[in-house]
Amino acid sequence: MRELEERIRRDGIVEDGEVLKVDSFLNHQMDVQLFAAMGKEWARLFAGEGVNKILTIEASGIGIACVAAQQFGAPVVFAKKSRTKNIAGDVYHVKVASFTHGRVSDVIVSKRFLLPSDRLLLIDDFLANGAALEGLIALAEQAGATVVGAGIAIEKAFQPGGERIRAKGVRVESLARVKSMEGGHIEFC
Ligand code: 5GP
């Protein structure tokens, strides 16, 4: 998506070679008009797939998912990073290793909000090693829900996540695919 690529080129900052900072428009200050254009693009790509619910993970996927959900006329469920040690029986639960924070989180969704009849679109801001998306897929599997696909804002295609998730047979639609960020210079696929 040209608009997103241009914005990344203009405002993205490469940190430590592998981390792209986009907090001026995506995951701290949020350009909601840009999110609307992204939502329209996913709605076009997944038209006719019968998406009835969006599933994302806190925190930075939530804003993007909410704006996209308006295009689908669907609710958003966000998987929560649980801070309690005792995970109660009324939730689906998975462990997810965080790319940016380097720790493992217990991630949960109430069983009330994921149903076998659901056709889910998974949304997240980044795809790097694929742990976050794999966690969401595992939660959907526990519920017996169908994963229609994943809408990702920025895929870092030089990391293995995209290949791993596509190898599972999950359709991944990334609106910007970064091929490399060497020397702070961002190149798209
Ligand atoms: P993965 O689980 O695919 O390794 O990483 C995805 C998660 O890590 C995303 O939810 C996102 O929050 C975070 N993340 C991964 N790479 C980046 C990055 O380059 N920049 C930022 N800001 N977040 C990232």
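This structure is a prediction, so every number in the text was calculated from the model and none was measured. As the structure lists them, so they are numbered: ligands from 1, and atoms in each ligand from 1.
Interface atoms of ligand 1 facing A132, defined by a heavy-atom separation under 4.0 Å, are 2 (O). Each of the following atoms of ligand 1 lies closer than 4.0 Å to a heavy atom of S60: 12 (O). Ligand-side atoms of ligand 1 in range of G130: 1 (P), 2 (O), 3 (O), 4 (O), range being under 4.0 angstrom from any heavy atom. Numbered from 1 in the order shown, with element, the atoms of ligand 1 that lie under 4.0 Å from a heavy atom of N27 read 22 (N). Atoms of ligand 1 lying under 4.0 Å from at least one heavy atom of E18, given by number and element, are 19 (O).
Residue-ligand proximity: K156 is placed with a non-hydrogen atom under 4.0 Å from ligand 1. Distances from ligand 1 to the non-hydrogen atoms of E15 include no value under 4.0 Å. Under the 4.0 angstrom criterion for non-hydrogen atoms, G161 is not in contact with ligand 1.
Here the straight-line distance linking atom CG of L136 with atom CG of L122 works out to 5.5 Å at 0.5 Å rounding. Atoms NZ and CD, from K40 and Q70 in turn, are 10.5 Å apart once rounded to the nearest 0.5 Å.
Residues satisfying the side-chain contact (heavy atoms from CB on, under 4.5 Å) criterion with K111, sequence neighbours excluded, are Y92.
Side chain of D31 to backbone of Q33: a donor-acceptor contact under 3.5 angstrom is found.
Atom 21 (C) of ligand 1 has its closest protein heavy atom at F126 CE1, 3.3 Å. Closest to atom 15 (C) of ligand 1, if we only count protein heavy atoms, is F99 CD2, 3.2 Å. Closest to atom 10 (O) of ligand 1 among all protein heavy atoms lies D124 OD2, 2.8 Å. Of all protein heavy atoms, the one closest to atom 4 (O) of ligand 1 is N129 N, 2.7 Å.
Residue contacts with ligand 1: A131 is placed with a nitrogen or oxygen under 3.5 Å of a nitrogen or oxygen of the ligand (distance criterion only). Between L20 and ligand 1, at least one pair of N/O atoms sits closer than 3.5 Å.
Using a 4.5 Å heavy-atom threshold, the side chains of S110 and D90 count as separate. Proximity of I54 to W42: side-chain heavy atoms (C-beta onward) are nowhere separated by under 4.5 Å.
Among the candidates V178, I152, N27, V19, the single residue satisfying the side chain to side chain contact (heavy atoms under 4.5 Å, CB included) test with F126 is N27.
Here E155 pairs with R166 in a salt bridge; the nearest charged N to carboxylate O distance falls below 4.0 Å. Contact check on E58 versus K81 returns no salt bridge, with no Lys/Arg side-chain nitrogen under 4.0 Å from an Asp/Glu carboxylate oxygen.
Residue contacts with ligand 1, taken as heavy atom pairs separated by less than 4.0 Å, do not involve L133 at all. Using a 4.0 Å cut-off between heavy atoms, D125 contacts ligand 1 through its side chain alone, with no backbone atom that close. At a heavy-atom distance under 4.0 Å, atoms from both the backbone and the side chain of V19 approach ligand 1.
Every pair passing side-chain hydrogen bond (donor to acceptor under 3.5 Å, both in side chains) that includes a residue from residues 45-57 is listed here, sequence neighbours excluded: N52-D118, K53-D118.
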Given R9 and E6, is the salt bridge (charged side-chain N to carboxylate O under 4.0 Å, His left out) satisfied, shown in steps?
CA-CA 5 Å; R9 261 193 226 289; E6 282 172 0; over 6 Å; no
